[in-house]
Amino acid sequence: NEAALTPAQHGRRIYEKNCIVCHGQGGDGKGPASNTLNPRPTDLRYSSVRREELIRIIRDWIPKTSMVGFNKYLDQRQLEDLAEYLWSLR
């Protein structure tokens with residue numbers, strides 16, 4: 001039951017569906033597709049990005065990287081829950 005999940009638990013499900021292929025199982029930036037990307041994906045465990053900036057980064061694309069914006073795929077709650085999960089990786 002998705003309604004019973006905490007934001008971080010819900011965010012983990014979103015991560016596993018959308019992010020794991022590049023950022024890896026534990027957010028280390030070593031997902032199956034990471035070797036094909038230049039620059040390589042960020043190790044999310046040690047990111048210096050501020051908490052409030054995470055949603056913007058997920059929502060919008062990052063210039064000169066393979067990071068796409070998820071604004072067309074995720075609603076605001078999903079963006080917030082994904083950011084909550086990413087923050088928990090630190």
From His10, Gln9, Arg51, residue fulfilling side chain to side chain donor-acceptor pair (under 3.5 Å) relative to Glu84: Arg51
Short side-chain to backbone donor-acceptor contact, Ser47 and Leu44, under 3.5 Å: no
Main-chain N/O of Thr42 paired with His23 side-chain donor or acceptor, under 3.5 Å: yes
Results of salt bridge (Lys or Arg N to Asp or Glu O under 4.0 Å) for Arg12 - residues two or more places apart only: Glu16
Kindly list each side-chain donor-acceptor pair under 3.5 angstrom involving residues 61-72, sequence neighbours excluded, with atom names and distances?
unit_1: Thr65; atom_1: OG1; unit_2: Ile62; atom_2: O; d: 2.8
unit_1: Thr65; atom_1: OG1; unit_2: Met67; atom_2: N; d: 3.0

Check: Leu82 and Cys19 side chains under 4.5 Å, non-hydrogen atoms: yes
Contact summary for Cys22 and Leu37, nearest pair of heavy atoms: SG-CD1, 3.6 Å
Where Pro41 and Ser34 come nearest, the two heavy atoms and their spacing: CD-CB, 3.7 Å
NZ/NE/NH1/NH2 to OD/OE distance under 4.0 Å, Arg77 and Glu80: no
Leu86-Tyr73 co-clustered via ILVMFWY side chain contacts under 4.5 Å: yes
Linked, directly or transitively: Tyr46 and Val49 (ILVMFWY side chains, under 4.5 Å): no
Reported CG-to-CD1 distance for the pair Asp81 and Ile55, which is rounded to 0.5 angstrom: 9.0 Å
From Glu52 atom CD to Trp87 atom CH2, the distance as rounded to the nearest 0.5 Å: 7.5 Å
